[in-house]
Amino acid sequence: MGNLFATLFLIAFSLPSILAQCTTPAPSDRYYYDLASVDDKKLYVFGGTLNKTYMDTWALDLSQQVDTSCPPWSQSPPLATTQSISSYIYGVAFSPNNKNNYIYLQGGDAETTGIQRTPVIYDTLQGNWLLSSISGSMTPRSQMTATVDKINNKVWIFGGRVPFEFGMSGNINTFNDLYYYQVSESGTALTITQASITSYYGSPAARFGHTTTLVNNRLITLGGYVKVNDTTKMITDFASAFVYDINTGVGVAMETLGDIPSARTEFSAVAAQDGQSIIIFGGVTADDLQNVTNDVYILDTCTLTWRKQEISGHADGRALHQAYMHGQFMITMLGISGHNQGEPIPNNNLSILDTNLWSWTSSIPSGYSPAGINSSPSCSFTFPAPPAQPQTHGNAPKIYDTTVISNPNAPSTQLTSSEKGGIGVGVPLFIILCLGAAFFFYRRHQRNKTRQLNPRWMPGALSTKSEQEGNNYPMFNYNDQPSTGLRTYTASDHDQWERQLIQDEQRPQDDTPMARHEEIWSRMRGLHAPADEERR
Ligand SMILES: *[C@@H]1O[C@H](CO)[C@@H](O)[C@H](O)[C@H]1NC(C)=O
């Protein structure tokens with residue numbers, strides 16, 4: 001009897017661990033892969049592997065409960081490489097939702113050139129592969145984007161670079177052109193047409209490895225790389241975005257505002273359910289190109305304003321991945337979670353972000369019926385009026401894109417664009433301190449200079465001498481690095497510099513300023529009143 005009891009006890013306690021063992025096979029070690037779905041019921045993973053000589057294709061069944069501990073994956077029978085269909089990375093997959101249940105794959109760096117020249121078709125109903133025929137042409141490319149536009153029944157292809165030999169690197173040659181695919185009724189015949197981009201500030205930057213997201217009839221391109229020379233690329237930061245209006249063909253690169261994410265590569269971007277925002281996730285941060293982040297940032301496309309979204313729960317950092325919106329759930333998988341001695345660490349799991357609760361969740365309930373993206377958002381990006389004359393560059397050029405213009409939604413239009421970086425942070429402080437300064441100014445007059453005001457803390461705007469001295473807003477902006485723009489100057493910086501001056505052990509003995517002091521003073525120049533010059 002006791003034995004039976006003990007056995008039952010053991011079974012009862014070991015049952016959960018038996019159940020918890022996931023025996024469903026799953027894809028692994030996939031980078032630079034593509035995601036696509038026909039009907040939001042099955043999400044397919046294509047490409048993204050270098051060590052396979054066949055096309056292996058996986059599907060995540062979104063019609064069942066999706067649990068991150070044992071996701072409902074299934075594998076299509078792998079297809080041996082042919083001249084036309086082969087393994088690839090850095091390509092695109094798209095399904096314009098025609099009635100044929102086809103998904104189209106193209107390009108990237110591939111084992112064979114067939115898949116670079118013409119899209120290949122995966123028939124999701126039959127589970128087999130077809131070849132397409134294409135009219136029109138587009139130079140084969142890698143690291144471009146394909147953005148499905150169901151309203152206009154088009155798939156937009158933007159940018160990219162000339163493919164490298166599979167798994168190798170090569171000379172960098174980039175594209176700044178825009179094309180669209182249209183699929184015939186039969187589904188196997190496609191046309192490709194080059195779209196014009198009307199740009200008033202010079203040719204759009206040629207990017208690759210970027211993201212292009214459709215929001216409210218605008219294509220919004222973020223991040224990626226631009227070519228420096230044949231062997232060197234430069235990371236594009238998030239301080240600007242390229243916005244293309246599908247209706248008018250006008251494209252503009254404009255500065256972004258708010259809490260701009262630090263530069264990162266190999267992140268994902270999806271259109272949020274609100275119909276006006278883009279969610280970016282993860283990536284390799286650009287500081288050392290090793291650190292893989294789990295940051296989530298939101299870009300409000302109406303004003304191109306960023307905010308960092310705090311997320312509850314945990315998800316590993318992830319990069320070299322893709323993400324997919326299934327109703328309110330952003331699903332992401334595979335890619336890498338970090339580096340170990342320079343070698344990427346695969347991240348083979350699945351993460352699910354609930355974008356209503358802003359929390360990482362372990363499952364999507366079975367029977368969940370996803371709502372689509374809000375088709376009538378409360379606002380949209382407004383294109384600025386074109387300049388009277390076409391310009392050769394924007395008024396806020398970036399090192400990676402000279403066409404960038406300033407953002408008219410910035411708090412003040414009186415400042416030059418480079419000052420806006422500082423003022424974005426400084427404006428609330430500025431208003432508070434202006435009020436404070438005005439109050440002191442008033443008090444000073446009232447008390448007839450009974451109180452000595454530190455002249456460094458007087459906004460130049462309130463000083464009668466400020467115009468001649470070019471001394472406006474001295475508290476908030478100082479030119480730390482003239483080539484890269486202005487930084488925010490805070491009271492604690494100021495205190496720190498003063499402490500450095502006082503505490504420096506190598507104080508000059510002979511009244512000659514040391515280089516270090518010169519440097520500190522040069523940073524503070526213009527921040528102090530003439531009287532300070534004498535005290536120094
Ligand atoms: C390419 O640019 C990098 C960075 O500016 C430079 O170090 C390198 O020498 C350049 N290579 C060539 C071939 O010009």
Side-chain angles (χ1 to χ4, degrees), residues 31-32 50 89-91 107-110 113 116 139-145 158-178 197 199 201-212 221-242 253-256 260-267 280 282-293 319-320 336 338-339 341-344 391-406 416-418 421 479-487 519:
Y31 327 106
Y32 311 115
L50 283 173
I89 57 173
Y90 293 130
D109 298 350
T113 56
Q116 294 169 337
T139 315
R141 58 195 64 205
S142 267
Q143 294 195 273
M144 68 296 209
T145 48
F158 181 59
R161 61 162 170 81
V162 170
F164 300 152
E165 206 179 308
F166 195 42
M168 313 291 271
S169 60
N171 280 359
I172 300 168
N173 286 299
T174 54
F175 300 101
N176 68 347
D177 44 13
L178 179 69
I197 301 177
S199 169
Y201 303 95
S203 300
R207 301 199 197 201
F208 59 101
H210 54 283
T211 62
T212 299
T221 294
L222 298 169
Y225 302 94
V226 296
K227 170 180 176 166
V228 174
N229 57 37
D230 278 356
T231 52
T232 308
K233 59 191 178 184
M234 181 193 292
I235 296 169
T236 308
D237 68 18
F238 296 100
S240 71
F242 179 67
M254 187 184 280
E255 286 191 314
T256 60
I260 298 169
S262 63
R264 60 204 61 200
T265 68
E266 329 300 352
F267 58 97
I280 72 160
V284 183
T285 55
D287 41 15
D288 58 0
L289 292 179
Q290 294 289 310
N291 184 25
V292 173
T293 177
L320 282 61
I336 65 169
H339 290 88
Q341 295 176 337
E343 287 299 305
Q391 307 288 304
T392 54
H393 55 81
N395 65 0
K398 305 286 177 206
I399 188 166
Y400 54 83
D401 183 353
T402 58
T403 72
V404 177
I405 63 168
S406 61
T416 67
S417 59
S418 58
N479 203 341
D480 180 45
Q481 292 156 306
S483 59
T484 59
L486 292 153
R487 286 200 179 166
E519 189 260 327

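All figures in this text were calculated on a predicted structure; none of them were measured in a lab. Just so you know, ligand 1 is whichever comes first in the structure, and atom 1 is the first atom listed for that ligand.
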Taking the side chain from [X] and the backbone from [Y], do they hold a donor-acceptor pair closer than 3.5 Å?
| X | Y | result |
| --- | --- | --- |
| Asn173 | Val162 | no |
| Ser240 | Ala253 | no |
| Thr256 | Phe238 | yes |
| Gln143 | Gly108 | no |

Can you name the residues that come within less than 4.0 Å of ligand 1, going by heavy atoms only?
Val228, Asn229, Thr232
Sorted by chain and number, sequence neighbours left out, salt bridge (charged side-chain N to carboxylate O under 4.0 Å, His left out) with Asp237 holds for none
Hey, can you tell me if Phe158 and His210 have their rings parallel, tilted or perpendicular (30° and 60° cut-offs)?
perpendicular
